[in-house]
There are 2 protein chains.
Amino acid sequence: MEQDTETRIFEAARAVFVEQGFEGARMQEIADRAGINKALLHYYFRSKARLFEAVFRASAAEVLSQAATALRQDQPLPDRLTTFVHTYIDLIRANPHLPAFVLEELRRNPDALKAVVAEHTPGLLDALGRGIEDAVAAGRLRRIDPAHLLAHLIGLCIIPFIARPMLQTATQMDDAAYDAFLEARKEEVSTFIHRALVP
Amino acid sequence: MEQDTETRIFEAARAVFVEQGFEGARMQEIADRAGINKALLHYYFRSKARLFEAVFRASAAEVLSQAATALRQDQPLPDRLTTFVHTYIDLIRANPHLPAFVLEELRRNPDALKAVVAEHTPGLLDALGRGIEDAVAAGRLRRIDPAHLLAHLIGLCIIPFIARPMLQTATQMDDAAYDAFLEARKEEVSTFIHRALVP
DNA sequence: CGATGGTTTAACTATAAGGTTAATGAAGAA
DNA sequence: TTCTTCATTAACCTTATAGTTAAACCATCG
């Protein structure tokens, strides 16, 4: 329970930043949640911007590394796609605010992610491309631009989280129903993609 | 050129809010862009919150009404889906910051859109459901949960805009290439969906 | 002309928020 | 015990920003 102060601050900051974004977050609230004085935030992290950067890099790295790993699995591409969809949706279900958090920062500072993306996804597209060509050669897949496929994957996975209030209102689901919807989505998205890619 | 003051303010506010979000926007900047004194903002719109609300409602209504209209077209469902994808992507290309803007507000105040959604999408899901059943009966479509289909549509259309810096970095496209990518995406998404839905 | 009323501005206020500082506490070293 | 050092705090400082106010402007109508 008694974590060291720096990680207590970090975790509090993560919670607040992820919920409120950079501009919306208040240093005082972070201090309160960490149960420490506001000056300590600056003692450990210098400034709001640096604290945010630390939190953001960690979160983005977590998402990207998991996603990239799933896409690089040593399986035939169709199976890899299923793995990706399942792990990615599960990951986000555990941190539902994460995509919106990353996306907002992406808008505020479009270059922020470049370093992280470049670090975690080198050759990712090539790997995807090779996977596609192999599967095409094996007659298991129709050819598709890997960039589009990547976009499809991400879009299909994160949309129910970032647009939740909208979708939930439009479909009139209660929270339990929406949870079931999210669970079902893993299979739904997998089969949707597979069917779209039959040769 | 000489618009009336209120709309000048409104347009300036739209530009600033859409670029920076509510927290990031500064009343002074809105006033500057509108070429008027800051006090006038309050004269016409009372407070930052009210000004934002006006802008947000208008933007959200624009997106939702166009989208809902496309989905209600009097065509067989497969054609309707193509129409939707094309008009929606074109709409966003003309206002590329719009989705992120709406999504951020969705996070800041999840209930904000409920009224607008409820107003513009009543029976939308039912209409989609009927369209699906008709097409299924005609042997043109495999059955799919309309809620999932709606999510698929939105996710596939908006992802290249909200995740643009990420995708552009991962794919190493320059701006021209990314524009071509967006243009190509209309066809790509349409055929992807159609293929996924063959019976 | 001159009064009236909506519009616009310059100057101001209040406050909240990020950041700083100097003093205090605690814990080990000499 | 006393000195040193790192951790922590209360109080303070500065600035930026939403919002207010009172006066000036300007058109219209009598």
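Note that these values count all heavy atoms, side chains included, but never hydrogens, waters or copies made by symmetry. A quick note: this is a predicted structure, and the numbers were derived from the prediction, not measured. Numbered from 1 within each chain, the chains take letters A, B, ... in sequence-line order.
The residue B/A31 sits apart from the nucleic acid: no heavy atom pair falls under 4.0 Å. A/I36 comes within 4.0 angstrom of sugar-phosphate atoms only, judged by non-hydrogen atoms across all strands, and of no base.
Among C/dG18, C/dT8, D/dT8, the nucleotide with an atom closest to any side-chain atom of A/L40 is D/dT8. Checking D/dG19, C/dG6, C/dA10 against every side-chain atom of B/Y43, the shortest atom distance belongs to C/dG6. Candidate nucleotides D/dA10, D/dA18, C/dT9 were compared by shortest atom distance to the side chain of A/N37, and D/dA10 ranks first.
Between A/E11 and A/R14, at least one side-chain N (NZ, or NE/NH1/NH2) sits under 4.0 Å from a carboxylate O, which counts as a salt bridge. The pair A/K186-A/D90 counts as a salt bridge, with a side-chain nitrogen and a carboxylate oxygen less than 4.0 angstrom apart.
For the pair A/Q28 and A/A39, nearest-nucleotide mapping onto DNA chain C gives the more 5' position to A/Q28.
Residue B/Y44 places at least one side-chain N or O under 4.0 Å from the OP1 or OP2 atom of C/dT8. At the phosphate of D/dA18, OP1 or OP2 sits under 4.0 Å from a side-chain N or O atom of B/R26. An OP1 or OP2 oxygen of D/dT8 is reached within less than 4.0 angstrom by a side-chain nitrogen or oxygen of A/T5.
Rounded to an integer number of Å, the gap from B/E23 CD to C/dG18 P is 11 Å. Rounded to an integer number of Å, the gap from A/E6 CD to D/dT8 C1' is 15 Å.
Taking 3.5 Å as the limit, the base of C/dG19 and the side chain of A/K38 contain a donor-acceptor pair of atoms between them.
Qualifying side-chain contact (heavy atoms from CB on, under 4.5 Å) partners for B/P110, counting only residues two or more places apart in sequence or in other chains: A/P165.
The side chain to side chain contact (heavy atoms under 4.5 Å, CB included) test with A/S190 is passed by exactly one of A/V85, A/T83, A/L81: A/V85.
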